[in-house]
Amino acid sequence: MDVHSTSTTLGNLALFVGGRVVGSPQTLLNQALPLQDAEAGCLTLVDASQSPERIEQSPASAVLVGQELSGCTKPQLVADDPHAAFAAIILHLRGTRRVDAKVTGISAAAHIDASAVIGAGTAIAAGSSVGAGCEIGLRCTLHPGVHVMADCRIGDDCELFPGVVLYPDTRLGNRVIVHSHATLGAAGFGYKTRDGRHHLSAQLGWVEVGDDVEIGASTAIDRGTYGPTKIGHGSKLDNLVQIAHNCQIGAHNLICAHVGIAGSCSTGDYVVMAGQAGMADHIHLGNRVVVGGQAGVMQNVPDGQTVFGSPAIDSKRKMQEVAVAGRLPQMRRDLKELHKQLQDLREQLAALNSIDQQRERHVA
Amino acid sequence: MDVHSTSTTLGNLALFVGGRVVGSPQTLLNQALPLQDAEAGCLTLVDASQSPERIEQSPASAVLVGQELSGCTKPQLVADDPHAAFAAIILHLRGTRRVDAKVTGISAAAHIDASAVIGAGTAIAAGSSVGAGCEIGLRCTLHPGVHVMADCRIGDDCELFPGVVLYPDTRLGNRVIVHSHATLGAAGFGYKTRDGRHHLSAQLGWVEVGDDVEIGASTAIDRGTYGPTKIGHGSKLDNLVQIAHNCQIGAHNLICAHVGIAGSCSTGDYVVMAGQAGMADHIHLGNRVVVGGQAGVMQNVPDGQTVFGSPAIDSKRKMQEVAVAGRLPQMRRDLKELHKQLQDLREQLAALNSIDQQRERHVA
Amino acid sequence: MDVHSTSTTLGNLALFVGGRVVGSPQTLLNQALPLQDAEAGCLTLVDASQSPERIEQSPASAVLVGQELSGCTKPQLVADDPHAAFAAIILHLRGTRRVDAKVTGISAAAHIDASAVIGAGTAIAAGSSVGAGCEIGLRCTLHPGVHVMADCRIGDDCELFPGVVLYPDTRLGNRVIVHSHATLGAAGFGYKTRDGRHHLSAQLGWVEVGDDVEIGASTAIDRGTYGPTKIGHGSKLDNLVQIAHNCQIGAHNLICAHVGIAGSCSTGDYVVMAGQAGMADHIHLGNRVVVGGQAGVMQNVPDGQTVFGSPAIDSKRKMQEVAVAGRLPQMRRDLKELHKQLQDLREQLAALNSIDQQRERHVA
């Protein structure tokens, strides 16, 4: 399958990653793939979550494990950190591939304004552009088709994948990774309606991204109205995320795909927002808040709370609601039945009353 | 409206598509447009869903139908497959337009690594780039601004629209269409948190796309951790879809816009996911499963089931819940009324009891 | 913080915007920033929503207000329209920045087909392409990496940001702004399934955008099947929006981020759709309809109605449902309690009846 891969023995791989062999160290291996993709000649990574039958039926020639599997007929490589070992082995076996081929130097086919300042070791590929007044730090990589508009400032060791666009005045910290087609600094979605027409409000702010931030493919972060839209240090944004104007995202947030955060929201540190969650404008999420998938947050959430649902509420209450909602048709039938029984009782009581009154009259 | 269009008669169009004319074959026509856009000189396509009044009021000069419309005063062209006939006529009347102008040859302004192998008949437009070690098949089209990074393999007869990005090692089958700004192979959203910082986990896998797949604009498909994220043969992905790392999408799926599929999910064949639906990670959808719009799938779904809601459940049960939910305010009032009636009965009963006891005492 | 900014006095700024100073007009200022970002030397904009404490604690050197703040110890600049004044001052203080550096002329590194007609004053940056048969009006700006495919027609005074793609035959009115990575005119998501394979249906239409429309980053608008997908005059689309084939969006709509509109929908004028809302196919929204965030519209909505929820219903009814849903667990407990009380009553009644019958027998 992979023409570039090299071949080696299980014993050599054990030496390479400092592991231990159970079975024949002479087993020949030329690839390392997950169990579902493994072929003959493959080392595969397995753990307790995979059934022994599935492992035995796999054509893989050997398995990599954290703890020796008893009853396994395939040769085993036992390593303390099997995930790290597997990653190292994959890279080792791919020895001759060029997937990590780096862009180097500044291409003559890149379009760089004369006033831009580019740090040492920074590579800019053909077809990219850097506007007037930009300052780019050391050892950055701008892949092909990256467009950095005027007056942007990029720190050191950043990587911008093909098709990234930074609008004017965008500021990135150090070690920031931006994936393809992310758009930082476009105009916010703010209009004033006069005489039946929507007029774009001021778009004089910018986007400011902290150190060690990663921004996913096709994610959009709009510039602030007058000041910065901010992404805090160490926060990670997945693909197709929308961060509207003036948002202040805290540090070390994890914001999953398709999350949409409306204007002027803020989040504390270590917030997690699951996929397709949304926030109405001007909302604050406290530290370590967790927002469930597809939740719609319409009010502030205090530190540490987990919310779920649309509108989002405390996740435990929401899960109770969901559970009871599943019994709603039954509850409705119960309610009708209660009505009937009550009517029945009322009639019985009326009958009793009537007998009683007759008796009274009789007695009288 | 369209300066390039030519003019002909209804009779000629009938000959062209093998249809039959009702009314004057001399009717002059220079355009073919849908009913809502039709002007004088237009042939328009109509069917039973459009009201006779709307057809009569249209300025269109003639109508194309599958079956003769009785009582219609406009000339008619009756064709067995009216949609196919309409498409053929549109193309015929647009004779001199250049919308189908093909990219041909390999532009001198494309940036192609010397180690890349490009098949015969493949066209690469200006401003596109092809990285080291790439292999591209026969008769492909890379429109302007397409970036194919190192070690990608593309089959025959593929078309990549402007702005497509393939990260290193992406593999496309034959006849794959990728629309603008799709990103295939970016890093998955997987982190290990150590000492309060999120560290990107291994991103050593790739994206593997089967034959006859179509991928929409700005759709993102992340690379696998160690092996492939797969899109099966014949599956179609709409715009702005997110497919996370390690997903295994089956054959002939239809995945609509804004669908988000979290990491390590899998689907069977002929699955349909409607717009804005989401799947939590590690979920499996069986063959021919249908997921409703905005549904949030949080558990495996067996073959053939239709699910709806967030969290998603069987669609019939969900529709019952929705129907009953609409009566919730009334149910709440009913419940209060029952409370009151019960209290009333309890009081009547207490009164009866008391009378009874008095009588007992009296009797005694 | 900002090396390009100039320095002036509060008195000069008051003259510049026609405002009035409260406190020292000699106060030196070199920047204008929102309250949360303000530093010493800053003018900041405040209003009644900010607490007096927060204003006092800010290091800002002066405040800009619409009405004089009593009890504020900072120098004040009072202006009739403080937002307009703030915007003007920000631009004034940024005097030497290049963020508004305009693209001028047609770059020799742009790829423009010889048959394209480009109006006077239109600028096309390096790395952009314009296909055969295109007509572009006066004073447009095509930033770097914009790809306009064959036969497109663009009006006057349009601005296309880096990475915009117009598929063949796309038509833009005047003063249209398109943000990065928007894709106009890609194939619709329409397939016919024959013999187990999905075949793309006709994609012969185009996209037609009215005057004064703004289209957000990574928004996708698919071409119509036979005719146009239309965006009406003055409508504004946020980032990451999906407009499917054949949609007819009215005038002056506001469509927020992540909204997804399925095929053949139409909207009246002044419709507002909040973030992540969706519409099933062939739905019509009347004039001035408001669709709440994350709502899923599955039926036509008459003029002026506000809808919410998924499936979307009248927002007042939905909010009642949501309120009652919060009491569902309590309602379920109430229902059980009613059952119990009813059983209790039934037993009491049975006891009464039994006593009564015994007495009857006794009497007899």
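Just so you know, these numbers use all the heavy atoms, side chains as well, and skip hydrogens, waters and symmetry mates. Just so we're on the same page: letters track the sequence lines, and every chain starts at 1. Not measured: the values here are computed from a predicted model.
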**Q** Quick one: which residues of residues 188-198 of chain B reach chain A at under 4.5 angstrom, heavy atoms only?
**A**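 Against chain A, the residues of residues 188-198 of chain B that fall inside the cut-off (heavy atoms, under 4.5 Å) are B/Phe189, B/Tyr191, B/Lys192, B/Gly196, B/Arg197, B/His198.
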**Q** Applying side-chain contact (heavy atoms from CB on, under 4.5 Å) to A/Leu338 and B/Asp334, what does each step give before you reach the verdict?
**A** CA-CA 10 Å; A/Leu338 278 176; B/Asp334 286 357; over 6 Å; no
**Q** For B/Arg332 and B/Lys336, what are the C-alpha separation, side-chain angles and deciding distance, and is it a side-chain contact (heavy atoms from CB on, under 4.5 Å)?
**A** CA-CA 6 Å; B/Arg332 186 146 185 271; B/Lys336 283 186 177 170; 3.8 Å; yes
**Q** So for A/Asp212, is it side chain, backbone, both, or neither that comes closer than 4.5 Å to the heavy atoms of chain B?
**A**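 Only the side chain of A/Asp212 comes within 4.5 Å of chain B.
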**Q** Just give me the residue among B/Pro228, B/Gly145, B/Gly127 that pairs up with chain A most often, heavy atom to heavy atom, under 4.5 Å.
**A**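 Maximum pair count with chain A is reached by B/Pro228.
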**Q** Would you mind checking which part of A/Leu342 comes under 4.5 Å of any heavy atom in chain B, side chain (CB onward), backbone (N, CA, C, O), both or neither?
**A**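 For A/Leu342, heavy atoms of backbone and side chain both lie under 4.5 Å from chain B.
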**Q** Do the rings of A/His143 and A/Phe161 sit parallel, tilted or perpendicular, given the 30° and 60° boundaries?
**A**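 Rings of A/His143 and A/Phe161: parallel, as their planes differ by under 30°.
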**Q** On a heavy-atom basis, which atom in B/Ser266 and which in B/His284 lie closest, and how many Å separate them?
**A**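 Scanning both residues completely, I find the closest heavy atoms to be OG-ND1, 2.7 Å.
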**Q** Heavy atoms only: give me the nearest A/Ser235-A/Asn253 pair and the separation to one decimal.
**A**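 Looking at all heavy atoms of both residues, the closest pair is OG-N, 2.7 Å.
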**Q** Would you mind telling me which of B/Met279, B/His181, B/Gln348, B/Met149 has the largest number of heavy-atom pairs within less than 4.5 Å of chain A?
**A**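 Highest number of pairs under 4.5 Å: B/His181.
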**Q** Compare every heavy atom of A/Leu91 with every heavy atom of B/Leu204, then report the nearest pair and how far apart it is.
**A**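 Looking at all heavy atoms of both residues, the shortest contact is CD2-CD2, 3.6 Å.
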**Q** State, yes or no, whether a side-chain contact exists between A/Asp238 and B/Gln242 at a heavy-atom distance under 4.5 Å.
**A**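 Side chain of A/Asp238 against side chain of B/Gln242, heavy atoms only: contact under 4.5 Å found.
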**Q** Sort out for me which of A/His233, A/His258, A/Arg346, A/Met331 touches chain B most, counting heavy-atom pairs under 4.5 Å.
**A**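 Highest number of pairs under 4.5 Å: A/His258.
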**Q** Heavy-atom pairs under 4.5 Å with chain B are the metric here; pick the option from A/Pro329, A/Pro144, A/Ala126, A/Ala38 that has the most.
**A**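 Sorted descending by pairs with chain B, the first entry is A/Pro144.
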**Q** Looking at every non-hydrogen atom in both residues, tell me the closest pair between A/Val271 and A/Met273 and how far apart they are.
**A**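 Minimum heavy-atom contact is CG1-CG, 4.0 Å.
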**Q** Quick one: of A/Ala84, A/Pro34, A/Ser180, who has the most non-hydrogen atom pairs under 4.5 Å with chain B?
**A**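 Most heavy-atom pairs under 4.5 Å with chain B: A/Ser180.
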**Q** Quick one: of B/Ala295, B/Ala109, B/Ala351, who has the most non-hydrogen atom pairs under 4.5 Å with chain A?
**A**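 Answer, by heavy-atom pair count under 4.5 Å with chain A: B/Ala295.
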**Q** For A/Val146, run the side-chain contact (heavy atoms from CB on, under 4.5 Å) check against A/Val165, A/Val178, A/Leu160 and tell me which one passes.
**A**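 The passing option is A/Leu160.
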**Q** Please look at A/His252 and chain B and tell me whether the side chain, the backbone, both or neither of the residue comes under 4.5 angstrom of a heavy atom of that chain.
**A**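 For A/His252, backbone and side chain are both near chain B.
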**Q** Could I get the full list of side chain to side chain donor-acceptor pair (under 3.5 Å) partners for B/Glu321, not counting sequence neighbours?
**A**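 By the side chain to side chain donor-acceptor pair (under 3.5 Å) rule, B/Glu321 matches no residue at all.
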**Q** Heavy-atom distances under 4.5 Å only: say whether A/His339 touches chain B with side chain, backbone, both or neither.
**A**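 Both the backbone and the side chain of A/His339 come within 4.5 Å of chain B.
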**Q** Show, in sequence, the C-alpha distance, side-chain angles and deciding distance for A/Ile89 and A/Val17, and conclude whether the side-chain contact (heavy atoms from CB on, under 4.5 Å) test is met.
**A** CA-CA 8 Å; A/Ile89 289 168; A/Val17 299; 3.7 Å; yes
**Q** Assess whether side-chain contact (heavy atoms from CB on, under 4.5 Å) is satisfied between A/Asp157 and A/Asn174, documenting all intermediate values.
**A** CA-CA 6 Å; A/Asp157 302 297; A/Asn174 300 312; 5.8 Å; no
**Q** Mind ranking B/Ala323, B/Ala187, B/Cys152, B/Ala262 by heavy-atom pairs under 4.5 Å with chain A and telling me who comes out on top?
**A**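 Max contact count across the listed options: B/Ala187.
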**Q** Contact part of B/Ile313 toward chain A, heavy-atom cut-off under 4.5 Å: side chain, backbone, both or neither?
**A**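 For B/Ile313, there is no contact with chain A at all, as no heavy atom is under 4.5 Å.
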**Q** What part of A/Leu45 gets within 4.5 angstrom of chain B, counting heavy atoms only: side chain, backbone, both, or neither?
**A**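 For A/Leu45, the contact with chain B is made by the side chain alone.
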**Q** Tell me yes or no: between the side chains of B/Thr229 and B/His245, is some donor less than 3.5 Å from an acceptor?
**A**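 Note: B/Thr229 and B/His245 side chains miss the donor-acceptor criterion.
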**Q** Of the backbone (N, CA, C, O) and the side chain (C-beta and beyond), which part of B/Asp344 lies under 4.5 Å from a heavy atom of chain A, both, or neither?
**A**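 Interface part for B/Asp344: neither.
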**Q** Considering only heavy atoms, which portion of A/Ile255 lies under 4.5 Å from any heavy atom of chain B: side chain, backbone, both, or neither?
**A**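 The backbone, not the side chain.
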**Q** Shortest non-hydrogen contact from A/Ala182 to A/Ile215?
**A**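 Closest pair (atom of A/Ala182, atom of A/Ile215, distance): CB-CG2, 4.0 Å.
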**Q** Quick one: what part of B/Ala277 sits under 4.5 Å from any heavy atom of chain A, side chain, backbone, both or neither?
**A**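 The backbone, not the side chain.
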**Q** Assess whether atom CD of B/Gln299 is packed by more than 12 heavy atoms of other residues, nucleotides or ligands within 6.0 Å.
**A**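 No - once you tally the heavy atoms of other residues, nucleotides and ligands closer than 6.0 Å, there are 12 at most.
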**Q** Is it the side chain or the backbone of B/Lys318 that comes within 4.5 Å of chain A heavy atoms, both, or neither?
**A**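 Neither part.
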**Q** Chain A: which of B/Ala202, B/Gly227, B/Gly205 shares the most heavy-atom pairs with it under 4.5 Å?
**A**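 Result: the option with the highest number of such pairs is B/Gly227.
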**Q** Taking all non-hydrogen atoms of both residues, which atom of A/Ala32 and which atom of A/Leu93 are closest, and how far apart?
**A**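 Minimum heavy-atom separation between A/Ala32 and A/Leu93: N-CD1, 3.8 Å.
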**Q** Heavy-atom distances under 4.5 Å only: say whether A/Ser218 touches chain B with side chain, backbone, both or neither.
**A**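 Side chain of A/Ser218 only, per the 4.5 Å heavy-atom cut-off to chain B.
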**Q** Answer with side chain, backbone, both or neither: which region of B/Glu337 has an atom nearer than 4.5 Å to a non-hydrogen atom of chain A?
**A**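 Neither; nothing under 4.5 Å.
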**Q** Most heavy-atom pairs under 4.5 angstrom with chain A, which of B/Met298, B/Gln276, B/Arg317, B/Arg327?
**A**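 Option with the greatest count: B/Arg327.
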